[in-house]
Structure formats: structure tokens, C-alpha cells
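Here the structure comes first, spelled out in C-alpha cells, and everything after it is commentary.
First listed ligand is number 1; within each ligand, the first listed atom is number 1.
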Amino acid sequence: MNDRVRSGIIGAGFIGSVHAHAVRAAGGDLVAVADHSQEAAEEGARRLGARFAAESAEGLIASDDVDVVHICTPNNLHAPLARLALEAGKAVVCEKPLATTLNDAVELAALAAEHGAVTAVPFVYRYYQSALEARARVRSGDVGQLWLLHGSYLQDWLSTSADVNWRVDAAVGGASRAFADIGVHWCDLVEFVSGHRITRLSAQRKTAINSRESTVEVTTEDIATVQFETDLGAVGSVVVSQVSPGRKNRLWFSLDGADQSLSFDQELPETLWVGSRSHASVVPRGVTVHRTGSALLTPLPPGHPQGYQDCFNALVGDVYQAVGASGTEEVPEGMPSFADGVRAARITQAVLDSVAGECWVPVG
Ligand code: SOE
């Protein structure tokens with residue numbers, strides 16, 4: 001392997017370009033881009049600054065010039081491409097959902113383990129320093145026993161019938177949309193920060209807009225509400241929506257314990273709110289640094305706002321550190337892997353099962 005990790009990106013849309021910036025920030029060499037057509041691949045390679053446009057996704061995966069494959073395609077292509085990449089001996093960064101079915105996600109994680117591959121699913125909100133501050137405070141015991149975990153993840157980019165996207169079509173995006181696309185981020189972040197695991201849940205789904213311009217019949221949900229219990233004795237709920245006017249990307253949580261409550265808002269990530277019976281404060285990012293091992297976790301001093309792209313850069317920095325060290329044993333603590341992609345698929349399946357059965361269901 002070169003000194004620089006060599007990358008290939010499949011899918012040069014919005015998220016592909018976020019990955020390309022992160023590859024550069026991590027010191028990677030963006031070698032190739034593939035897309036749905038040769039023309040799109042060439043345009044993407046030019047725009048993202050890759051050395052060449054691959055003739056196909058399969059060609060990019062087979063290339064000896066690529067060490068890490070970034071899968072940034074529509075959801076239904078994640079599993080087949082990730083499988084090919086693992087079989088070709090590559091490290092894989094696969095967008096969420098890892099697969100559109102739980103079985104496929106489980107198989108991919110097993111295949112990755114068999115190959116000893118470095119894998120990642122970009123649950124990037126874990127890299128906000130204020131979220132890490134919350135995690136450290138929970139772990140320190142200051143918050144006391146957590147008994148209520150609650151919040152929401154709200155967007156508005158699908159809130160009119162003119163809003164059309166491949167995610168709306170279950171054949172391409174998967175049976176769950178709002179929950180599988182953003183609800184899983186909330187669950188991942190809250191489990192990561194709190195240390196709790198959701199053990200059973202009861203869910204509702206609602207398709208608010210049944211017919212969208214130039215789209216097949218809409219069967220995927222615009223809204224999901226989930227109430228749950230955890231292994232460490234807390235209860236909680238989350239509201240997920242892609243049709244909440246004015247809410248752009250509002251991932252918000254509150255973790256309420258015996259002594260303190262902590263709350264974090266992805267749209268205002270420079271601070272963590274900490275409340276107790278007698279006092280409340282807003283803690284600025286960077287007052288304490290709790291985590292080591294992530295190459296790019298804190299490139300910005302306090303007062304220089306950390307954003308979504310910085311989180312992405314940190315994730316890819318972790319992946320490339322592990323790839324450079326050529327071994328999963330070197331994976332930095334907290335880096336989200338295919339195992340976390342399986343966890344998200346399990347919770348999504350439980351949401352679907354709960355709605356179908358109109359009952360509480362266990363989360364495996
Ligand atoms: C669109 O809903 C989207 O880009 C998600 O797919 C991402 O995972 C989330 O981070 C932001 O919103």
C-alpha cells in the first residue's frame with residue numbers, strides 16, 4: 001500500500017462530494033469516481049478532483065489502485081456493492097442504511113469480519129465534540145442514573161408534494177424512509193452518548209403526502225414516532241419527520257438523569273445544555289477534550305464552529321488511520337462500523353414490525 005490511502009467514490013451526488021472533501025482532509029488520494037453512467041462519472045471525477053472516472057462501480061471496486069471504497073449510491077445498491085468490495089479485499093465506507101434488509105446487513109457484517117476488513121457507516125454526529133462532552137459527562141457519573149431519553153430529528157426537505165427523491169420509492173430507498181434515513185442517526189447517537197441500548201419499542205408511521213409529483217405510489221413514511229425502553233432501565237421516545245416546515249436538520253436530544261439533564265441540538269452544536277435542580281448552564285465546545293485516538297477530531301479551536309463536514313472529516317480520518325494501520329484492532333474507539341449499521345437495521349426492522357403488528361416488539 002502507498003503511504004497515502006487511495007480512495008474510490010461510487011456516487012458523486014451531495015453525499016459523494018462530502019466524502020470527497022473528507023478524503024482530502026484525511027490525507028487520502030482520491031483516485032477514482034464511478035457513477036450511474038460514464039458521462040456522470042466523468043463529470044463527477046472532474047468536479048470532485050479524482051484522477052480518473054471508472055467505467056463502472058464494479059470496475060472501480062476491482063481496481064488495484066483503490067484501497068477504500070466509499071459507497072454513496074441510492075440505498076438499494078449499498079449491499080451488492082459492499083459485498084463486492086469486501087470480496088475484493090477493500091476497506092469499505094458505506095452510507096446508511098448499510099442495507100435495505102436486516103438479513104443483508106447481518107451478512108455484510110459477517111463477511112467484513114471474515115475478511116478482517118476495516119468498515120464504516122457514517123454515523124457522523126458521534127463526532128460533534130458537544131455530543132462527546134455529553135458522553136463523557138454520562139460516563140463520569142455526574143448526570144446520575146439516566147431514566148428518560150427523548151428528542152426528535154426533524155427535516156422539511158420533503159414537506160410538499162413537489163419534493164421528489166429516490167428515497168421516497170420503497171424499491172430504491174427501502175421499506176422505511178424517514179426512520180431509516182434519519183431516525184437511525186438519532187438512535188445511534190443517543191445509544192452512543194448514553195451507553196444505553198434500546199431493548200423494546202412501539203412505533204407509529206405516517207405517510208403525510210400520499211402522492212408526489214412523478215413518483216410511484218408512496219408507501220414509505222414521512223413521519224415516525226417511537227417509544228422505547230432500554231437495557232439500563234430508562235424509557236424514552238423520539239419523533240422523526242421529513243415534513244416539518246422550517247426544520248432543516250434538527251436532531252435534538254435530552255438525556256435526563258437523577259442529578260442532571262443534558263441536551264444537544266445538531267443545528268447549534270457549539271454548546272451542550274446542562275441542567276440541574278438548582279442551576280442550568282450552556283457549556284461551550286472545547287472546554288474539555290475527552291477523547292484521544294481520532295486523528296481529526298478537534299482540528300478547530302473553541303470559538304471556530306465545528307460543522308457537519310468537520311464531523312465527516314473526523315470519521316474518515318479514523319477510517320484511514322485504521323486502514324493505514326492495516327488492522328481492525330487499530331480501529332479508534334467509537335468509530336461507527338458495519339456492526340453499527342446492523343444495529344440500525346435491527347431497530348428499523350423492529351419499527352416496521354411494531355407498526356405491522358400494532359404492538360411492542362423486542363429489539364434483538
Ligand atoms: C437527508 O435526509 C440526509 O442527507 C440524510 O441522508 C443524512 O444521513 C443526514 O445526515 C442529513 O440528511
Problem set entry | Between Tyr127 and Tyr308, a side-chain donor and acceptor under 3.5 Å |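 The answer is no; no qualifying pair exists.
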Exercise. Does a donor on one side chain and an acceptor on the other come within less than 3.5 Å for Glu107 and Asn103?
Worked result: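 Asn103 and Glu107 do not have a side-chain donor-acceptor pair below 3.5 Å.
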For this session: Quick one: which residue pairs count as a salt bridge (charged side-chain N to carboxylate O under 4.0 Å, His left out) with a foot in residues 92-102, not counting sequence neighbours?
Result: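 Checked against salt bridge (charged side-chain N to carboxylate O under 4.0 Å, His left out) - neighbours excluded - the pairs reaching residues 92-102 are Lys96-Asp181.
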For this session: Could you please spell out the steps behind the salt bridge (charged side-chain N to carboxylate O under 4.0 Å, His left out) verdict for Arg47 and Glu43?
Result: CA-CA 6 Å; Arg47 182 165 39 82; Glu43 186 281 323; 2.8 Å; yes
Problem set entry | Sequence neighbours excluded, every pair satisfying ring pair (Phe, Tyr, Trp, His ring centres under 6.0 Å) that has a member inside residues 242-285 |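 Sorted result for residues 242-285: Tyr128-Phe264, His150-Trp252, Phe253-Phe264.
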Could you list each nitrogen or oxygen of ligand 1 that sits under 3.5 Å from a protein nitrogen or oxygen, with the atom names and the distance?
unit_1	atom_1	unit_2	atom_2	d
ligand 1	2 (O)	Gln155	OE1	3.0
ligand 1	2 (O)	Gln155	NE2	3.3
ligand 1	2 (O)	Trp157	NE1	3.3
ligand 1	2 (O)	Asp181	OD2	2.5
ligand 1	6 (O)	Lys96	NZ	3.2
ligand 1	6 (O)	Arg167	NH2	3.3
ligand 1	6 (O)	Asp181	OD1	2.7
ligand 1	8 (O)	Lys96	NZ	2.6
ligand 1	8 (O)	His185	NE2	2.8
ligand 1	10 (O)	Tyr125	OH	2.6
ligand 1	10 (O)	His185	NE2	3.4
ligand 1	12 (O)	Gln155	NE2	3.0

Exercise. Taking only residues two or more places apart in sequence, or in another chain, which ones meet Lys90 in a salt bridge (Lys or Arg N to Asp or Glu O under 4.0 Å)?
Worked result: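 Lys90 satisfies salt bridge (Lys or Arg N to Asp or Glu O under 4.0 Å) with no other residue.
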